[in-house]
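One structure is given below, encoded as structure tokens.
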Amino acid sequence: MAEAKEQPRIGVFICHCGTNIAGSLSIEEVKEYAMTLPGVVVAEEYQYMCSTPGQSIIVDAIAEHNLNGVVVAACSPRLHEPTFRIATQEGGLNKFRFEMANIRDQNSWVHMHDWEGATSKAKDQVRIAVAKARMLEDLEPKSVPVEHAALVVGAGVGGMQAALDLASAGIKTYLVEKNPTIGGRMSQLDKTFPTLDCSQCILTPKMVDVGRHPNIELMTYTEVENVEGYIGNFTITLRKKARGVLTPAEAEARGIVGGGCNGCGDCAEVCPVIKPNPFELGMAPRKAIYIYHPQVNPLLYTVDFDSCIKCGLCVTACGEEKKAIDLDVVDTFEQVRVGTCILAIGYDLIPIEGKKEWGYKRYDNVITGLEFERLICASGPTGGKLIRPSDGQIPKKIGFVLCAGSRDNTGGVAKPYCSRFCCMYSLKHAHQIMEKIPGAVPYLFYMDIRSFGKMYEEFYYRIQNEGAKFIRGRVANILEDPTSKNLTVFTEDTLLGRPLSLEMDMVVLAAAIQPKPEAERIRQMFGVSKSQDGWLLEAHPKLNPCGTTTAGIYLAGVCQGPKDIPDTVAQAEGAASAASIPIHIGEVQLEPYFAQCIEELCAGCGMCVNLCPYGALDLVEKDGRDVMEVTEAKCKGCGTCGGFCPGGAIKMQHFTSPQICAQIDAFLLEGGEQ
Amino acid sequence: MADENWNPKIIAIICNWCSYAGADLAGGARIQYPPDIRAIRGMCTGRVDPLFIMKAFHDGADGMLISGCHFGDCHYLEGNYKCAKRMFLVKNVLKNIGLNDRRLRMTFVSASEGAKWGMVMEDVVKTVKELGPSPLSEYQK
Ligand SMILES: Cc1cc2nc3c(=O)[nH]c(=O)nc-3n(C[C@H](O)[C@H](O)[C@H](O)COP(=O)(O)OP(=O)(O)OC[C@H]3O[C@@H](n4cnc5c(N)ncnc54)[C@H](O)[C@@H]3O)c2cc1C
Ligand code: SF4
Ligand code: SF4
Ligand code: FES
């Protein structure tokens with residue numbers, strides 16, 4: 001269809017990638033073959049095409065041979081297409097005059113022991129790429145302005161750090177947290193390894209900063225409802241869940257001057273409904289109108305409408321002056337426009353009761369590490385006194401089961417990966433009981449202690465010297481004595497090669513962690529993939545650990561994979577920096593893979609209009625008949641419309657039907673035309 | 001039918017965001033599979049015009065694979081649903097013209113499923129080898 005405006009003059013550049021490619025197929029043969037292909041005027045090979053000299057070969061060849069198309073046979077376009085497009089541009093061509101043949105990731109690496117097969121495949125790949133290159137057209141990337149604002153989802157330590165960095169860089173930042181308070185898991189911890197800083201003491205200042213920063217708009221008890229748009233211009237719909245309690249500002253807006261919640265708690269005192277407090281993991285009660293803990297930020301009560309009986313006692317207790325409680329409110333929706341987004345939605349413990357052999361939830365004195373944190377914490381349900389749930393006695397012999405459900409291939413609730421912080425927090429727990437309970441002895445049942453961080457190994461030695469007992473072996477089974485409620489732990493001491501059983505007063509399971517259940521919905525809304533194990537997938541594990549394959553969306557913290565607080569904060573700062581770049585540049589370039597209507601061919605049937613997931617297409621009247629029209633700003637270039645149009649009236653730029661057909665022909669008809 | 005030394009001609013159209021990335025990951029992990037399949041990169045399986053499939057079989061392809069994101073994971077929300085619907089149609093057409101519709105396959109391989117990509121490759125090649133050369137490929141000789 002696209003009539004040949006110019007004779008194709010294609011250059012083919014084949015990369016050895018050291019021995020990555022050259023070690024599995026014949027570069028020489030591929031090069032000779034390339035020269036025989038129609039339109040190819042030069043073929044070169046080089047050790048590393050992506051290196052500066054490699055790119056110079058391309059740039060020089062474009063001028064010398066007056067090329068109008070460039071093919072690089074090397075690694076994946078997902079890695080180096082941008083690099084070679086720049087080289088193409090430097091040579092004086094439009095950067096879309098470039099096509100890549102993936103002869104490494106999808107050839108030499110996967111056919112390492114089939115020299116013939118790999119070589120012949122590489123020839124086909126080059127032929128297919130040349131066929132496309134012959135038909136490439138000049139395209140102009142579309143520049144769009146970037147909204148000078150960012151969104152951070154999740155206000156754990158990761159999300160808070162990311163928001164603080166963005167805000168300090170002068171960017172308006174919406175920080176959205178689904179819980180009534182910010183802080184995340186870290187606010188549930190007592191101390192933090194290896195420094196043993198009090199967790200709340202180092203977190204609270206950050207929480208205060210978040211609440212005070214003029215560039216941060218903190219939205220607690222809020223969830224993301226919908227995401228539209230693309231990098232630079234996301235429109236996010238937020239659901240502000242009905243809280244039942246007004247902030248002073250909200251009260252003022254209603255004309256109640258000086259009113260609104262001041263956190264006095266008079267309401268909760270009178271509320272007759274008692275529920276378990278999820279912050280205390282159910283080990284302490286809360287009312288239907290509640291705060292999680294005294295340091296919450298914002299200090300604002302919340303009504304749990306699932307359990308509220310609307311008796312109205314709290315309204316009276318709150319009084320006429322503050323008038324902070326309104327039991328008739330409903331969820332409201334708000335839209336914000338942002339240029340980039342960071343996801344920092346954290347993690348959950350696995351339901352460790354699924355590992356029946358350890359008896360969690362069946363035996364009173366088997367608890368999780370997180371419950372331990374609350375029990376040992378001075379602001380926790382027991383005021384920091386570690387007691388046995390069965391009888392309130394102080395335990396002396398405490399077993400710690402490490403890798404509880406981590407590094408475990410037995411299926412069910414267990415996870416094959418390492419949860420990365422349980423070794424270290426179990427060492428911390430061991431230290432805490434030896435410090436707090438005279439004569440207490442911790443027994444750590446471990447596979448190996450992973451103390452890889454800065455000062456972590458030193459911390460491990462310290463706990464060893466303090467007298468903790470280490471038993472290398474997985475815990476097979478735990479049995480409870482029905483009268484004493486003591487626990488017998490059955491294991492094998494793999495260092496002595498001997499089965500072992502020990503009686504404990506209490507057992508703490510260092511339970512594995514897993515992605516939050518809502519991570520699935522969140523990632524689908526934001527267009528983020530997941531790893532095999534369900535964690536959100538980074539764009540590249542080494543080179544782009546904060547980015548995702550969706551431009552403008554970044555990841556921070558445990559939602560991307562298990563990591564401790566130092567690593568979470570580091571990644572959050574990385575993500576914030578990455579997310580601020582497009583905002584500071586002020587514009588982004590979108591790849592111009594838009595749909596275009598070939599009006600002569602359009603029958604005006606309108607089928608494509610309904611197919612487009614982004615509403616980018618409309619029927620408009622032109623010269624007395626209906627034809628389709630594309631709104632480029634909405635089109636994302638998926639090609640769904642182009643794949644359907646019965647008349648072939650939709651041209652998908654850079655992936656046109658003639659281009660794809662030429663690729664198919666090139667492979668099957670060996671370059672002979674249809 | 002199956003001739004050990006026969007190399008089937010199989011063409012794949014795979015989406016940039018999931019299957020192409022999964023195929024790259026298989027490379028990174030050095031998962032080995034037979035070299036008979038040639039992949040063309042598209043942005044989304046939604047782009048796959050039934051015409052491309054008919055064209056490939058007309059040109060003598062022995063098999064064809066369309067691979068994209070899992071349902072719910074399409075980078076463009078629902079291109080893969082739309083493609084999957086078209087597959088039923090095309091498979092019917094193939095049957096009607098006397099081609100075994102197992103020559104055409106749609107799979108869903110995510111960016112983290114390198115190992116699955118290797119399995120898909122093995123399996124598609126195996127299936128097509130069992131079916132032997134496409135009856136239409138004779139016309140292209
Ligand atoms: C028992 C235990 C002890 C530990 N001890 C230590 C220690 O001593 N030192 C150390 O370095 N690390 C420790 N850790 C690890 C530490 O908890 C994590 O590294 C850290 O909390 C990760 O922070 P985050 O921000 O990624 O996730 P989180 O703290 O989980 O925060 C995620 C936030 O996102 C919110 N959120 C989730 N989904 C949504 C949604 N859909 N919309 C809006 N908001 C959402 C959550 O409510 C939460 O506030 C310990 C962990 C455990 C389990
Ligand atoms: S109205 Fe609801 S929140 Fe208020 S006191 Fe009664 S039960 Fe508690
Ligand atoms: S390519 Fe077509 S269907 Fe896809 S976004 Fe653009 S107009 Fe919509
Ligand atoms: S982007 Fe992969 S199927 Fe649509």
Side-chain angles (χ1 to χ4, degrees), chain A residues 75-79 100 102 104-114 116-118 120-121 124-125 128 132 520 523-524 527-533 537 549-550 591 593 611 613-614 636-645 648 652 654-655 657 660-661 663-665 667-669 672 674, chain B residues 7 9 11 13 15-18 20-21 23-52 55-56 58-61 69 72-79 82-83 86 110-118 121 137 140:
Chain A
C75 53
S76 172
R78 298 182 78 258
L79 185 66
M100 209 157 170
N102 186 339
R104 190 189 73 176
D105 305 48
Q106 295 187 20
N107 188 343
S108 66
W109 276 354
V110 288
H111 315 304
M112 294 174 79
H113 315 295
D114 185 355
E116 299 286 307
S120 118
K121 177 169 172 178
D124 286 353
Q125 288 177 301
I128 293 170
K132 177 151 183 187
E520 195 61 17
R523 75 171 186 84
Q524 291 189 347
V528 174
S529 302
K530 64 176 170 188
S531 319
Q532 213 160 309
D533 39 26
L537 188 67
T549 51
T550 298
E591 298 194 292
Y593 305 157
L611 276 175
Y614 304 107
K636 292 204 192 183
C638 63
T640 303
C641 54
F644 176 81
C645 178
M652 290 309 308
H654 210 60
F655 293 92
S657 297
I660 295 176
C661 288
Q663 288 176 291
I664 296 174
D665 286 341
F667 169 42
L668 295 163
L669 305 177
Q674 52 264 74
Chain B
N7 291 322
K9 286 195 159 221
I11 191 152
I13 300 184
C15 88
N16 178 59
W17 304 99
C18 289
Y20 200 92
D24 281 353
L25 188 69
R30 307 298 194 276
I31 289 163
Q32 304 295 302
Y33 54 79
D36 303 280
I37 299 177
R38 309 288 179 263
I40 293 178
R41 180 168 72 125
M43 286 320 255
C44 172
T45 56
R47 174 70 186 100
V48 178
D49 190 325
L51 173 85
F52 302 155
K55 176 129 193 67
H58 171 264
D59 284 359
C69 314
D73 280 6
C74 171
H75 194 73
Y76 309 96
L77 310 176
E78 47 200 41
K82 287 168 184 156
C83 180
R86 287 174 204 158
S110 79
S112 61
E113 292 176 328
K116 181 172 172 190
W117 179 255
M121 294 288 97
S137 65
Q140 293 300 345

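Please read these numbers as outputs of a predicted model, since none were measured by experiment. A, B, ... follow the sequence lines: proteins, then strands. Residue 1 opens every chain.
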Given a strict heavy-atom distance threshold of 4.5 Å, which part of [X] is in contact with chain B: side chain, backbone, both, or neither?
X: A:L611; answer: both
X: A:S120; answer: both
X: A:H654; answer: neither
X: A:R523; answer: side chain

Option that, when pairs with chain A are counted at under 4.5 Å, heavy atom only, ranks first among [options]:
options: B:A111, B:G79, B:C18, B:A61; result: B:A61
options: B:L51, B:I13, B:L77; result: B:L77
options: B:K9, B:M43, B:R38; result: B:R38
options: B:C44, B:A29, B:G118; result: B:C44

Ignoring hydrogens and angles, tell me if any N or O in the side chain of [X] forms a donor-acceptor pair with the backbone of [Y] under 3.5 Å.
X: A:E116; Y: A:D114; value: no
X: B:Q32; Y: A:M112; value: yes
X: A:N102; Y: A:Q106; value: yes
X: B:S137; Y: B:G60; value: no
X: B:S110; Y: B:S112; value: yes

Can you tell me which portion of [X] sits under 4.5 Å from chain A's heavy atoms? Options are side chain, backbone, both or neither.
X: B:L25; value: neither
X: B:A39; value: side chain
X: B:P50; value: both
X: B:I11; value: both

Assess B:K82 against A:F644: is NZ or CZ under 6.0 Å from the centre of the six-membered ring, and within 45 degrees of the ring's axis? no
Taking the six-membered ring for Trp, are B:Y76 and A:Y614 parallel (under 30°), tilted (30 to 60°) or perpendicular (over 60°)?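 Perpendicular, since the angle between the ring planes exceeds 60°.
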Residue, of A:N107, A:T549, A:I128, that accumulates the most heavy atom pairs under 4.5 Å with chain B: A:T549
Side chains of A:S76 and A:D105 only: does a donor on one sit below 3.5 Å from an acceptor on the other?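 The answer is no; no qualifying pair exists.
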Any idea which heavy atoms bring B:N16 and B:R41 closest together, and the distance? OD1-NH1, 2.8 Å
